[in-house]
Amino acid sequence: RQIAQIIKDNMPDSSDWVSKLEIAGPGFLNFYLQPSWVYPVLPLVLEQDEKYGCSDYGQNSKIQVEFVSANPTGVLHMGNARGAALGDSLCNLLQAAGYDVTREYYINDAGNQIENFAKSLEARYLQLHGQDVPFPEEGYHGEDLIDTVKNIIAEVGDKYLQVDPALRREFLVQTALQEKIAAIKKDLADFGVEYDVWFSEQSLHDSGAIQQTIDVLREKDYIYEKEGALWFKSTLFGDEKDEVLVRANGIPTYFAADIAYHRNKFERGFKKVINIWGADHHGHVARMKGSMQAFGYNPDNLQVILMQLVRLFRGGEIVRMSKRSGQYVTLSELIEEVGKDAARYFFVMRSPDSHLDFDLDLAKEESSENPVYYVQYAHARICSIIKAGAEKLPKIEEVNLQRLEEESELDLIRKIADLPDEIIGAAINEEPHRLTRYAHELASLFHSFYNSCRVLIDDEELKNARLVLVEATRITLRNVLHLLGVSAPDRM
RNA sequence: GCGCCCGUAGCUCAGUGGAUAGAGCACUGGCCUCCGGAGCCAGGUGCGUAGGUUCGAUUCCUAUCGGGCGUACCA
């Protein structure tokens, strides 16, 4: 407090921007701004419009965000939906904060699960032709897979009954993959998510990138052989145990492919690489970072956001989600049931660290109670006011904004002024959920203003000032909703 | 056993080492014949437990209890 007093004694008591200076608490120095500081933000919002909130903070630095990357052996489920909502909103935020963002989906179109997928397809193909063959124990039991095979049969009939099984599986798997990937793209597009790059794991096998990666690690002496397999010394980089890169049967593991993939990311010039993974993959983080360190990259430039898993409830019972068992609620069903807007808002609303209990019954029954409607309602209300009250908005330079003096008006303007900083804060901390809070607070301040101040009044000067205020509010609300991937309706 | 995440109001969750810890849901009572009542206003002794670091801890550290997830030559 003494130091604060010294500073205060050496500051002018007031200035154009500061109305007073006060010492408080254990030694805080509170600067009270002149109320008039807020007014210039309103013409700025109207002028920048869609760009309001954006900044060049990121200096166009290249960032890649890889998210969802679900196996193309099935359809997208709730966990993928959370990753999609989170990843896409994060990308929007980073772009708004001035980063050069690439959205990427890694297609696991190689490896063991593809083998299983092929065997499952083959079994279904033969079964649908009346053959009594067993279904592979580790296979994919989902109903969607039967439909996939039915579609294939509609095209090619029994042509692949007599051919070499390896050729048959190859044909089935390639055809099914195309269909599955197309379906995934469509589901994501329906959810408002568009990718810049779809990266094939198989391409890393085909190009020799995986082999080359292993060769380099061997040269650096980070590899040893044990029991016929090749092991990466990940314990050198803080991992709990070493990891297999190439199995005794000569086939590289998923980890080997992932090292090649992440090397490829950095070789493409990304300054920062962000992965969004389910928490069940957390054991993979240390070794992935370690492997990048082995190649001389700063492991801090590989950032992994772990999302806790989504638990689904129906009728008070937890629904076990598993592709293998074929029981899960799909993304498209979710969109159908609760809508894209509510689903995206709901997923982003929570911190990735928090477990997400998604009660389907509740989401269906009480969807009108979802906070997203509260925010959208504020937007629709403003549109309605503007439509009812103004042929066109007054010219901003002719409006006397100083007439906005009510506390609810000033609170609203101050909140609007926060948006650029909110976006930067949420972007650099990689926390899109902050924006849902901001959206809610902004909507709340608007509703509060609405109840204490009428916009469409006889006092022309005040009316015009308030019209500018609500228009600026509308723009701000809309911009935030769009960052979240949620629509801003004119009517509801 | 070891590792990671979580534990905050009845419930679901926010909370950048700082001031009197906040929202939604639920509950109770109010809101002008007026721009959309999907709204507004009012109502609250809650940081799992015990230590430590600090002028100051919900936040950092240690231990412990509880929940979740990992700990494959699966991905």
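Sequence lines set the chain letters: A, B, ... in the order given, protein chains first and strands last, and positions in each chain run from 1. This is a predicted model, so every value here is computed, not measured.
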Closest nucleotide among [options] to the [X] side chain:
X	options	result
A:Tyr373	B:C5, B:A14, B:A38	B:A38
A:Glu240	B:C2, B:C73, B:C5	B:C2
A:Ala248	B:C73, B:A75, B:A14	B:C73
A:Ala229	B:C73, B:C40, B:C6	B:C73
A:Arg454	B:A72, B:C34, B:G36	B:C34
A:Arg437	B:A19, B:G70, B:G15	B:G15
A:Ile385	B:C40, B:A14, B:C35	B:C35
A:Lys241	B:G67, B:G24, B:A72	B:A72

Closer than 4.0 Å, any side-chain N/O of [X] to the OP1 or OP2 of [N]?
X	N	value
A:Ser354	B:U12	no
A:Arg247	B:A75	yes
A:His433	B:G15	yes
A:Arg381	B:G37	yes
A:Tyr438	B:A14	no
A:Thr436	B:A14	no
A:Tyr374	B:C40	yes
A:Asn108	B:A75	no

Over all strands shown, is [X] touching base, sugar-phosphate only, or nothing at heavy-atom distances under 4.0 angstrom?
X	value
A:Ser452	nothing
A:Asn30	base
A:Ala380	base

Under a 3.5 Å limit for both distances, which nucleotide forms a Watson-Crick or G-U wobble pair with [N], could you say?
N	answer
B:G17	none
B:G10	B:C25
B:U58	none
B:C32	none

Aromatic ring centroids of A:Phe232 and A:Tyr224 under 6.0 Å?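 Ring centroids of A:Phe232 and A:Tyr224 are no less than 6.0 Å from each other.
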
One pair to check against side chain to side chain donor-acceptor pair (under 3.5 Å): A:Gln376 and A:Asp341. What are the steps and the verdict? CA-CA 10 Å; A:Gln376 288 181 318; A:Asp341 288 344; 2.9 Å; yes

Polar side-chain atom of A:Ser19 near backbone of A:Tyr32 as donor-acceptor pair, under 3.5 Å: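 Judged by distance alone, yes, a pair lies under 3.5 Å.
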
If you compare all heavy atoms of A:Ala426 against all heavy atoms of A:Arg434, which two are closest, and at what distance to 0.1 Å?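 Of all heavy-atom pairs spanning A:Ala426 and A:Arg434, the closest is CA-CD, 3.7 Å.
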
Checking ring pair (Phe, Tyr, Trp, His ring centres under 6.0 Å) against A:Phe255, which of A:His281, A:His262, A:His284 comes through?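 Going through the options one by one, the only one that passes is A:His284.
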
Report yes if the side chains of A:Ile382 and A:His379 come closer than 4.5 Å at any heavy-atom pair, otherwise no.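 Result no, sub-4.5 Å side-chain heavy-atom pair not found.
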
